[in-house]
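Only one structure is covered here, and it is reproduced in the block below.
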Amino acid sequence: MSILVNKNTRLIVQGITGRDGGFHTAKMKAYGTNVVGGVSPGKGGQTVEGLPVFNTVEEAVKQTGANTSILFVPAPFAADGILEASEAGIELVIAITEGIPTLDMVRIMPYLKKKGTKLIGPNCPGLITPDEALVGILPGNIFKKGNVGLISRSGTLTYEMVNQLTTNGIGQSTCVGIGGDPVAGLYFQDLLEMYQNDPETDAVVLIGEIGGDAEEQAAAFIKNKMTKPVVAFIAGQSAPPGKRMGHAGAIISSGSGTAEEKIAAFEAAGVPVARKPEDIPVLIKRALQYG
Amino acid sequence: MSILVNKNTRLIVQGITGRDGGFHTAKMKAYGTNVVGGVSPGKGGQTVEGLPVFNTVEEAVKQTGANTSILFVPAPFAADGILEASEAGIELVIAITEGIPTLDMVRIMPYLKKKGTKLIGPNCPGLITPDEALVGILPGNIFKKGNVGLISRSGTLTYEMVNQLTTNGIGQSTCVGIGGDPVAGLYFQDLLEMYQNDPETDAVVLIGEIGGDAEEQAAAFIKNKMTKPVVAFIAGQSAPPGKRMGHAGAIISSGSGTAEEKIAAFEAAGVPVARKPEDIPVLIKRALQYG
Amino acid sequence: MKIHEYQAKEIFSRYGIPVTRETVCYTPDEVVAAAEKSGYPCVVKAQVLTGGRGKAGGVKLVKNKEEAREAATSILGMDIKGYTVEKVLLAEGVKFQSEIYVGLTIDRNSKSVILMTSREGGVEIEEVAKENPDAIIKVPIDADLGMQPFLARKIAFRLFDDFNLVKQAADIFQKMYKICLDTDASLVEINPLVITDDNQLLALDGKMNFDENALYRQPEIEKLYEPDENELKEIEAKEKGLSYIKLDGNIGFMVNGAGLAMATMDMIKMYGGEPANFLDVGGSSNPQKVIDAMNLILSDEKVNAIMINIFGGITRGDDIAKGLISALEQLDVKVPIVVRLSGTNAKEGLEILRGTNLTVVESMTEAAKKAIELSAH
Amino acid sequence: MKIHEYQAKEIFSRYGIPVTRETVCYTPDEVVAAAEKSGYPCVVKAQVLTGGRGKAGGVKLVKNKEEAREAATSILGMDIKGYTVEKVLLAEGVKFQSEIYVGLTIDRNSKSVILMTSREGGVEIEEVAKENPDAIIKVPIDADLGMQPFLARKIAFRLFDDFNLVKQAADIFQKMYKICLDTDASLVEINPLVITDDNQLLALDGKMNFDENALYRQPEIEKLYEPDENELKEIEAKEKGLSYIKLDGNIGFMVNGAGLAMATMDMIKMYGGEPANFLDVGGSSNPQKVIDAMNLILSDEKVNAIMINIFGGITRGDDIAKGLISALEQLDVKVPIVVRLSGTNAKEGLEILRGTNLTVVESMTEAAKKAIELSAH
């Protein structure tokens, strides 16, 4: 099972002829992901990494039966690319692109909802179901198949955590980087629900950060709806208010969105919060034993 | 049963403080329709015909439990009024207003669809379920409870037909004037389906006119999906091309939308077409006997 | 509401759609001057608010000054389907590889704006629709989404393989959609949109119609309105609350309701008569409206009989009858009038009318037959 | 990106939102001249890109020429939260009955623009949110629908009983929404929007923030950008692919990834250290980026130790180590550097680094403790 991506994933790469698109297409293919083609307007008929390139997503879907798309499209055109994928019937869209204007995301959200398109990102590293499908820019080699789900607003911090899990012998069902932007697709609560319903996931690691109140909502959801154990880490306890800490969404606004509030919400929901990344493997082991 | 409006209708009147709104509110109340209130921004707290007036549809719905709304709102503000009703959770909106810009209707259609709001009109006389609810500007006295459903793009021509049915002893389940505009809400096919599923309707009179191809689609629907007999009349056989015959939607464009095509479609679908309005009672009697 | 080709192309140009270089001319001298400036070959095109000018000889390619003058002289003043040509367009001659059709209009079924395009441009799209319907690409535009770049590109890829043309076409589609929304157009058409010899898209012709219901918020468009004689009459009627259309027959009509009016005309025609007009007087029994309507009908000298068909709905038949009598008393009508009244209190109304010199009947059929009979005298 | 009050109000005014009559002044003489022209009482307001100017004494009501000069002299040049006041606004004095708050911002949960409004205006909305959250009306705006007239009116009816005020407020809400979309704003705020004594709504103050990701398509807005010293450094860093924020401590950082950088800073703080900066160098092992990053860190004289925390992902740890060495060779760094490297080929990387004068450690905890220890010397 796992969630969102697996052996049944048929992936196309929007922006496959770009530098990043091409590079990561090779990486994803090498990992074993079923990449079936790419899209690049005006480059239809070419091949990249042995894959056919199409002018439109519609054409790519028709020719390859793709159900998932990953975008390496420059920010000014990315929202349009997401819409194109949605309109063409793609079920799951992963937007790697950083720097998309927030109102572009706001504008496309109702359409994605109407079409039932799931979106991961933007400004995210993507996701992976170890040994089945890598859809993103994550380093595949650090992951290991297992029973722990992971959701994170961060990139490298996620790899750091996963590396510690893997080196401690703890494998992962699926790891999802939901991205660092304020307006994004699937978020903590949506994914927690998926993990709760996934028979291959026994516990979840949630990596939050300052900004917004998604962690607080996740805490409420865990308390009310989840039976599987969750452990959390929150980055940005030392961040000053009013400054964007690298991610567009990582900002403490007028005293709300602080790490303290988030940690308190998790603790009130009975979710253990790691003081430092290195504590996560210990907490997960404990959770799996007693959870 | 009947369709769309009945004793369970709880009607509000948008534009109740206007001349037409007030006049027809009195008529509808007198007919026995369950009119529960009205809306007129800035006139909240007043009463019209003994009914409370609210500033917003939301307030009206909250206070009266309204499920249906009829609009007597000037054309420039009518689309906004329909949206307001839809957003407030009104299930059925009847727009009497004539002269709404077509693109206003085009713009609001996706929202109505998203909210599941049914719309009759605009530029229509409304509808009636005899002895239960009159929601519109139709003359209630000419209708008689019975088992014939009626759908029409016209106003007075409908009254003419109904009058002939009633004076010939043929009663009606529900009569709906769908309006004369090119972009409108529920149309022939939607209503035919409702009549087909309505146990109180045994036959249907369909009154079409030149312009568009809704009649052709209705004919196909009748042929493929309906078991109840339908008889039809098409107005505008003598209309010259390129001229709007009173209704914004009644225009023959580049040779399509002619009465001939529509009549041919019905005849091909086995639907008897009256040569003149006076033939309708005869055709319906025959249909009810043999249908 | 229609506008001229040159006006449509002025709007296109303002939005950045490439159009032919051209000049509007009102005299042969102006045409010759413009042609000399433009260089040859160039094209003289009649500007009239109707189609079919090509077949009528209203479009001519000219190769020199003499031909330009000749064409201008023959086209200016020409009658095309009842429209007199008062101005022509002198447009640059363009060499092109092929002709595309692009049109945006309102689609009743999808309840949205629809884009139609075809590689078989240059002829009327209705002809293509009949002879080779598969050659037409039709795409309804989701009103929430609008003409997104990806959608415009997707449609353009169905027309062209050359990405350079795809990009140009997608840009034009987006601009046409914006024009449509901004101006409340009911038709935005480029036919043909040509591919020039240097691989550029260029609008050779342009057509726009507008939603009359929206003119109140389109003052710039309203200014372009050039109603003809009949349309002026229709507008005048509208201002009096009447919906009037001039037709070619001899039997005048006055009916309440557009559908009933059409049905009434149809019946006349069925029995061999010829309607002189469509006239919907709407609701109410206001005598002034009847007077206005009668004056309008009688302004057509061909009318030699009048049929009045009124259905009493909320307004009762007896009130309508009184209104009719009061109106007719103020007029000196020389042609015979047949009145048919039905609906609420029709009997009482008919009783009142029987005391007058009107021919009063009870059914539409009878009314039609009687009117035809009277018009034949 | 923030702009000044007067700039926000200029935008408001361009869209037809009523704002106070006012003049921007750079000297006390200009203030006095403007005040004399405006009449008394009027208000002198510091224009700085930070909040809290009221509490800092940056806003003064003046009743005559002398008070105007006095206020101008005291406010111009004043320091408010590290910002020097270089200009002030001289605004007309307005008598009003009450103060409203209106703000449009992006809501992460509804993934839409949200309108917030409250009758308890004039104070910071966050205070109202804490003390009387029910006093705040929050309405997410469906992006497909936009701020429709009915919706604006509906919200306004929750604020006012007087229909005259409702209409004015609804109009302002619609205009603010249009401003938000047109300018890619992340905040459009009027606080207070006052009801004047003659029952008119008037924006007394205005605030706008903008989405930096959208500045590429907002050239007019970008022109208004007045970055302070730290922001200039951040922009300079961004141009080099670095995400840098100056902080107040003494331990400099270089980390790949924003989340990991935050976690690294957090750990330093947890063990009693003080971060001197946030610095995300992103992916790749490009030595130039490391050089730029080191120069940026060292431009802060307080820095007396540096911690480098790198996770080897797709770029392998040994390549990163080589890049680091190559970069550090070109620099003359006097402060101690602690390096922690983990992830792909971390061991190989650490091996390479051990041959240098860098302090190489394996865990984040160790790195943090070591950096604090070294910074204390």
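Throughout, protein chains are lettered first and strands after them, A, B, ... in sequence-line order, and every chain is numbered starting at 1.
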>> Surrounding NZ of C:K207 (heavy atoms of other residues, nucleotides or ligands, distance under 6.0 Å), is the total greater than 12?
In response: no
> Checking heavy atoms, do the side chain of B:Q189, its backbone, both or neither come under 4.5 Å from chain C?
Replying inline: neither
> Is chain C contacted by the side chain of B:E160, its backbone, both, or neither, given a heavy-atom distance below 4.5 Å?
Replying inline: both
>> For B:I108, which atoms come within 4.5 Å of any heavy atom of chain C: side chain, backbone, both, or neither?
In response: neither
>> Looking at every non-hydrogen atom in both residues, tell me the closest pair between B:P240 and C:L247 and how far apart they are.
In response: CG-CD2, 3.4 Å
> Does any heavy atom of chain B fall under 4.5 Å from the side chain of C:Y244, the backbone, both, or neither of them?
Replying inline: neither
> So which part of C:K111 gets closer than 4.5 Å to some heavy atom of chain B, the side chain, the backbone, both or neither?
Replying inline: both
> With a 4.5 angstrom heavy-atom cut-off, which part of B:I207 approaches chain C: side chain, backbone, both or neither?
Replying inline: neither
> Which atom names give the shortest non-hydrogen contact between B:P110 and C:A143, and what distance separates them?
Replying inline: CG-CB, 3.9 Å
>> Less than 4.5 Å to any heavy atom of chain B: does that hold for the side chain of C:A185, its backbone, both, or neither?
In response: backbone
> Given a strict heavy-atom distance threshold of 4.5 Å, which part of B:R275 is in contact with chain C: side chain, backbone, both, or neither?
Replying inline: both
>> If I measure from the heavy atoms of chain B, does C:E274 come under 4.5 Å with its side chain, its backbone, both, or neither?
In response: neither
> Using a cut-off of under 4.5 Å for heavy-atom pairs, which of C:M262, C:M265, C:K269 has the most such pairs with chain B?
Replying inline: C:M262
> In terms of heavy-atom proximity below 4.5 Å to chain C, should B:A259 be classed as side chain, backbone, both, or neither?
Replying inline: neither
> Does any heavy atom of chain B fall under 4.5 Å from the side chain of C:Y271, the backbone, both, or neither of them?
Replying inline: side chain
> Could you go step by step and tell me if C:D144 and B:K113 meet the salt bridge (Lys or Arg N to Asp or Glu O under 4.0 Å) rule?
Replying inline: CA-CA 12 Å; C:D144 280 345; B:K113 195 175 172 190; over 6 Å; no
> Given a strict heavy-atom distance threshold of 4.5 Å, which part of C:D211 is in contact with chain B: side chain, backbone, both, or neither?
Replying inline: side chain
> Are the side chain of B:E209 and the backbone of C:G259 linked by a donor-acceptor contact shorter than 3.5 Å?
Replying inline: no
>> Under a 4.5 Å cutoff for heavy-atom pairs, which residue among B:S154, B:S238, B:G140, B:P139 has the most contacts with chain C?
In response: B:S238
> Is the NZ atom of B:K114 crowded by more than 12 outside heavy atoms at less than 6.0 Å?
Replying inline: yes
> Side chain, backbone, both or neither: which part of B:Q237 has a heavy atom under 4.5 Å from chain C?
Replying inline: both
> Under a 4.5 Å heavy-atom cut-off, does chain B meet the side chain of C:M267, its backbone, both or neither?
Replying inline: side chain
> B:G211, B:P125, B:G155: which one forms the most heavy-atom pairs within less than 4.5 Å of chain C?
Replying inline: B:G211
> Tell me, side chain or backbone of C:L181 under 4.5 Å from chain B's heavy atoms, or both, or neither?
Replying inline: both
> Where on B:E98 is there a heavy atom nearer than 4.5 Å to chain C: the side chain, the backbone, both, or neither?
Replying inline: neither
>> So for C:V113, is it side chain, backbone, both, or neither that comes closer than 4.5 Å to the heavy atoms of chain B?
In response: both
> What pair of heavy atoms forms the shortest contact from C:N213 to B:G99, and how long is it?
Replying inline: CB-O, 3.3 Å
> More than 12 foreign heavy atoms under 6.0 Å from CD of C:E229: is that the case here?
Replying inline: no
>> Counting only heavy atoms from other residues, nucleotides and ligands, does the tally under 6.0 Å from NZ of B:K115 exceed 12?
In response: yes
